[in-house]
There are 2 protein chains.
Amino acid sequence: MRIGELSERTGTPRRLLRYYEEQGLIAADRCPNGYRDYDERFVDRILQIRGLLDAGLPTRIIKQILPCLDKPRIIHFSDATPEMIATLEHERDRMTERIGCLVRNRDAIAEYLETVLSNDRARAAAARQASAGASAGASEG
Amino acid sequence: MRIGELSERTGTPRRLLRYYEEQGLIAADRCPNGYRDYDERFVDRILQIRGLLDAGLPTRIIKQILPCLDKPRIIHFSDATPEMIATLEHERDRMTERIGCLVRNRDAIAEYLETVLSNDRARAAAARQASAGASAGASEG
DNA sequence: TCGAACCATCACATTGATGTGAAGGTCAAG
DNA sequence: CTTGACCTTCACATCAATGTGATGGTTCGA
């Protein structure tokens, strides 16, 4: 598929697909005429990249961890230098921290929403109650 | 405490503490001489802000969700407009997505590391084995 | 009273992820 | 053969978060 289709299917501006390639995150084939040529797997790959970018990882780091995430990981045994291992361990820990932070704050938001919404429900119930009482002739003043 | 101490205790440049204030994320008291004056609670607050920034949330959003995260949330019932509720629900969902993405990729990294490291252990064991065999006089060509 | 170590504001620079548009090549359809 | 919808590269603009430095006020101890 060409860049336009990949762009549509991933909701990613062409500009950024070229940018990700420039940053070494993806490597597209080229048609004889110079057009970029992507296969199906790029769809998930782009989505993964965008998710990680959105989660705060810079392209530099994404570039490093992406190769380790392919299914047949047999190939990558030899090129696992000690520095690479250290980087991966560090990023893994950083991601765990991020996850903890996001979970804490998301749960706090969820709890807040739960409180506010249940409060709304109670108020709505009270309003129904009051209107029922009013239609029965009573009023509280 | 003044800005220097808060900076040290949170590992955050003074420049950024002022920036966060400018963005409305925090509101510091002022001493008579104009110096910013922070109390203990700012330490956690700054750490929370930095965590969220690191997790990809922009200051604009952090500013919106922070007030909902304070412990005595009784005050915030009235100012919970429908738009605010919608924003919070949206951000909660976005955070859940981010969490999912981070968890998936972190686990993949962890699994990769596990594989590589266990491979290393096996190789080390094999090396020990070989050296023991060599010291016993045998060799495999 | 002087200097060091704080603090203040202001302003300009940088970096990474993006937006946008120009200038031009390719290709299928009319 | 031209038009339109793709594609290419290149370049400059923007935005948010951050770095850095200038200029000057406050406080405190020698």
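Keep in mind the model is a prediction, meaning the values are calculated, not measured.
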### Query
Of all the nucleotides listed (D/dT9, D/dT27, D/dA17), which has the minimum atom distance to the side chain of B/N33?
D/dT27
### Task
Consider the side chain of A/R30, meaning its heavy atoms from C-beta on, and name the nucleotide among C/dA8, D/dT18, D/dT8 that approaches it most closely.
D/dT8
### Query
Rounded to whole angstroms, how far apart are CZ on B/R18 and C1' on D/dT20?
12 Å
### Task
Report the distance from atom CD of A/E22 to atom C1' of C/dA17, rounded to the nearest whole Å.
12 Å
### Message
One pair to check against salt bridge (Lys or Arg N to Asp or Glu O under 4.0 Å): B/E40 and B/R9. What are the steps and the verdict?
### Response
CA-CA 10 Å; B/E40 282 297 313; B/R9 290 179 58 184; 2.9 Å; yes
### Per B/I3 side chain, nearest of listed nucleotides D/dT9, C/dC7, C/dT9
C/dC7
### Query
Considering only D/dC6, D/dT26, C/dG16, which nucleotide approaches the side chain of B/Y35 most closely?
D/dT26
### Task
Quick one: do A/D70 and A/R45 satisfy salt bridge (Lys or Arg N to Asp or Glu O under 4.0 Å)? Show the steps, please.
CA-CA 10 Å; A/D70 288 328; A/R45 176 56 56 115; 2.6 Å; yes
### B/Y20 side chain near D/dA16 phosphate (N/O to OP1/OP2, under 4.0 Å)
no
### Summary
A/L16 has its side chain closest, among C/dT18, D/dT8, D/dT18, to C/dT18
### Message
Please determine whether a side-chain nitrogen or oxygen atom of A/R36 lies at a distance below 4.0 Å from atom OP1 or OP2 of D/dT8.
### Response
yes
### Message
For B/E5, is there an ion pair with B/R14 - N to carboxylate O distance below 4.0 angstrom?
### Response
no
### Whole-Å gap separating P (C/dA17) and CG (A/L25)
8 Å
### B/T59 side-chain N/O to D/dA16 phosphate OP1/OP2 under 4.0 Å
no
### Message
Closer than 4.0 angstrom, basic N to acidic O: yes or no for B/R98 and A/D54?
### Response
yes
### Message
Please pick, from D/dT20, C/dT9, C/dC27, the nucleotide with the shortest atom-to-atom distance to any side-chain atom of B/R15.
### Response
D/dT20
### Query
With respect to the phosphate group of D/dA16, does any side-chain polar atom (N or O) of B/R60 fall under 4.0 Å of OP1 or OP2?
no
### Message
Measuring from the side chain of B/L53 (C-beta onward, heavy atoms only), which nucleotide among C/dT26, C/dT18, D/dT18 has the closest atom?
### Response
D/dT18
### Summary
Walking DNA chain C from its 5' end, the first of A/Y19 and B/G34 to be reached, judged by nearest nucleotide, is B/G34
### Message
Within the supplied structure, the quantity of interest is the number of heavy atoms (other residues, nucleotides, ligands) at a distance under 6.0 Å from A/E21 CD; does it exceed 12?
### Response
yes
### Message
Rounded to whole Å, how long is the line connecting atom CZ of A/R14 with atom C1' of C/dG19?
### Response
14 Å
### A/E89, CD: over 12 other non-hydrogen atoms inside 6.0 angstrom
yes
### Task
Would you mind reading off the distance between B/E21 atom CD and C/dC7 atom P, rounded to a whole angstrom?
13 Å
### Message
Could you tell me how far apart B/D54 (CG) and D/dT18 (C1') are, to the nearest whole angstrom?
### Response
14 Å
### Task
Round to a whole Å and report the spacing from CE of B/M1 to P of C/dC6.
16 Å
#### Entry: Closest listed nucleotide, where the reference is the side chain of B/R2 and the choices are D/dC6, C/dT9, C/dC7
C/dC7
### Message
Using whole Å, what does the distance between atom C1' of nucleotide D/dT18 and atom CD1 of B/I46 come to?
### Response
15 Å
